[in-house]
Amino acid sequence: DPKEAKGVVDRAVTRVLTPGTLVDEQLLDESAANQVAAIQFLESGDDSAAVLAIAELSTGRFTLHDLPRSRVVDELARIRPTELIYVETADGSVPQRVDIVRENLGLSLTARPGWMFRHDDARDALLRHYNVTTLAGFGLDEHDPAIGPAGALLHYLLETQAGSGPDDTRDARERLGHLRPPVRQSHDAFLTIDAASLRSLEIERTMRTGQVDGSLLATLQRCNSPMGKRLLRQWLCFPLRDVEQIHVRQHAVAALMADRDFTENLAEQIGNVQDVARIAGRMAMGRATPRDLVALGRSVGRINLIADLLDARPAFISHHQHLTNLSEAIAPLADAIAQRCVDDPPAHMREGGLFRDGVDAELDEARSLQRDANTWLAAYQKRLIESTDIPSLKVGYNKVFGYYIEITHAHVSKVPDAFSRKQTLKNAERYITPELKEFKEKVTTAESRAVEREKTLFDALCRKAAAQAPKLSAFAELVAELDVLGCFAEIATRFGYVKPELVEQPVLAIEDGRHPVLDRTLGERFVPNDCVLGLGEGSKASREQGIDDACSGSLALITGPNMAGKSTYIRQVALITLLAHTGSFVPAKSATIGLTDRIFTRIGASDELHAGHSTFMVEMTETANILHHATDRSLVILDEIGRGTSTLDGLSLAWAIAETLAVRKCRALFATHYHELTTLAERMDNVSNLHVSVREWGDEIVFLYRLLRGSTNRSYGIHVAKIAGVPQQTLQRAQELLDTLAVQTDATAVEAAASSPAKKQPEAQMSLFTEYVHHPAIDELKAIDLNELTPMQAFDLLRAIIEQLQDQQSG
Ligand code: ADP
Ligand code: MG
């Protein structure tokens, strides 16, 4: 405080603002967690591992993650920290394995010196902070590699929150008092979604705009509290693998759906709970405002109402129990806040005004002096009027000049000597007297005494709240969970979702499934589709659901023209599978979903740009990842694989990839424009063909968006070009070319290849591609000058070419 300083005012860094350690309400998005991560790669022993420590300073969450190095980008993509701390290198360069993370995820990087990550220093920092003698209680054994990054992260947080401002008696350690002990998170508990799938399934943001709007998250977002909003994102990005846990959530959603009043009441109560998790954090860090305190009191004040709503409801026994236990500890805090603080608190403590009258004797006394001021001034004015005999004399106050006595010019001669002039106005003079000065002093000190007193009281209440930080966080977590469950119930009721049945067998049987996002935007116009994968013919599950299962291998190839709905269909299956694992209901008439360990997606590369890599390289990298890791419990979605290279290459790769997946028996949907691939179904039992139906109407086509059995070999590209507004002349020319080229397609050769065993006859396999092989007829066609031909000549020439081709075929 400059007032207290002798000579130069002491200066110090009190806080370092970094992207990952921001806690200020105005700077944060309430629906996204703001996290900072520290990473350390392990060089020795298990050479391909990395350890991550992740903290959310605003709420005090602190987690540890052990990962194979190959999964670092994928896991960070769904955790989505905003800042990553890594071990500084000698030359200050960013190590490549760290740079890859930045390139993929666009987070900011911070280098910290190596000693912070060193085991002993890191362990000491943790021991000191948590005031313990061993870390065993946190599940960290003596040589646990996670200690390095955990300690470094803690160190970094202490550094940024140094805090020693004038009103600040907390030290950095106290400020981080709400940081919970680190908890190790096992990633095997969750269905794996890699970074590419997260992006292409548009789970939390869209591919085109990068915004939340239009994503699965936005479509399902019906949470009423900020904590719920953040947890929904978490649940969508980390679907469960444990069927028991999924059932618990489903059970709760069903219970909510069964009782509309209950759902609505709960939603209303939860809507009144503000961001308790973050407020508790700000309390601990000494960065809370009076509004935070009142909001906290009001929010926690709901705890018993919420607990009562859950009473005697079997699906919520544990929530009820937890809330009741917590209530004992934190309801008194809420009461204290409500009793002491006004309903409409000031934005900051500078001028006081937070505490009610009657809660503190010292404050009351200081305040009464201020309040009595008006009475005193009125009396003083009266006295002066009498003594000076100036009836128009006024005693007043303004912010700039303080207290004054105002006398019009007409009476200036009557002013006593004791008045000293202060200010001249147009019609009047203003004066001050020693008496008035003294009064001013008294009032001002009373004012600042009151403000000081309020600050002290505020601080005490904040500390009281901070001491309950773990319980407040627990309350926030319960509210968040109830909120998301309520959101699932709301969505399911409103949009006709059903409870999926989760089974151990690696199957999929979805009846009338819908794409959750398009279903909403298209409404009635959306055409639902079935999906059957991995069921033997005539299996029980599919019979029960009345699904046409004549083709139900584990791999389905989907063909059809552009814009017919292939991509939508395969994404919809992936999203329904994902939703089923979050405990949510799914947009379908019925669904049986085999428990899934991973969802892999590779969706059309053509419109994506990647820094420094060709799209084809990216496509193949992601495909390699799929082929390496897909198991018979995985779901694989492939969209137009092979597009990024020459047709021949692309087809060969697509073919080989499909074969590999079919052999491995993982559930897979493969949308492709390579019609040749559909012949795979004839050779492998495990592969079936689906196509998207289209109706021809004169020379128009109508998309029906219905998935049907079997394949199609017409792509209707020219029709699509027409819809897209390609000029008539160009379309005509394209049609001419197509008609000519189509003649060359050697359909029988394709069939021959397909019916022959795959690997043993490379020549037969190659004849697949005669479509693309040079043919003498092409030369002839090229030599034609259309302008010189009459229609009859053209016809004759065409006939000759066709004959030539047919001869060759039969020969
Ligand atoms: P493809 O991958 O076959 O080119 P898309 O899946 O991208 O086609 O779908 C193209 C458009 O068709 C979508 O943007 C959507 O407007 C519409 N569409 C797709 N599937 C359906 C459906 N089941 N019902 C109604 N419209 C659909
Ligand atoms: Mg597509």
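For ligands, and for the atoms within them, numbers begin at 1 and follow the listed sequence. Quick caveat, the model's predicted, so the values are computed rather than measured.
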Any protein N or O within less than 3.5 Å of an N or O in ligand 1? List each pair with its distance, or say none.
residue	atom	partner	partner atom	Å
ligand 1	2 (O)	Ser567	N	2.9
ligand 1	2 (O)	Ser567	OG	2.7
ligand 1	3 (O)	Ala564	N	3.2
ligand 1	3 (O)	Gly565	N	3.0
ligand 1	3 (O)	Lys566	N	2.8
ligand 1	3 (O)	Lys566	NZ	2.9
ligand 1	4 (O)	Met563	N	2.7
ligand 1	6 (O)	Ser567	N	3.2
ligand 1	6 (O)	Thr568	N	2.7
ligand 1	6 (O)	Thr568	OG1	2.5
ligand 1	8 (O)	Gly565	N	3.0
ligand 1	9 (O)	Thr568	OG1	3.4
ligand 1	23 (N)	Val527	O	2.8
ligand 1	24 (N)	Val527	N	2.8

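A distance of 5.0 Å separates OG1 in Thr263 from CG in Leu256, rounded to the nearest 0.5 Å.
The distance from the Mg ion (ligand 2) to the nearest N/O/S atom of Met563 is not under 2.8 Å.
Taking the six-membered ring where the residue is Trp, Phe238 and Phe190 present perpendicular rings, their angle passing 60° and hence far from 30°.
Both tests pass for Arg520 against the ring of Phe495: distance under 6.0 Å to the centre and angle within 45° of the axis. Both cation-pi conditions hold for Arg249 and Trp235: the charged atom is under 6.0 angstrom from the six-membered ring centre and inside a 45 degree cone around its axis.
With no hydrogens or angles considered, a side-chain donor-acceptor pair links Thr631 and Asp597 at under 3.5 Å. Side-chain contact, Glu204 with Ser215: no donor N or O sits under 3.5 Å from an acceptor N or O.
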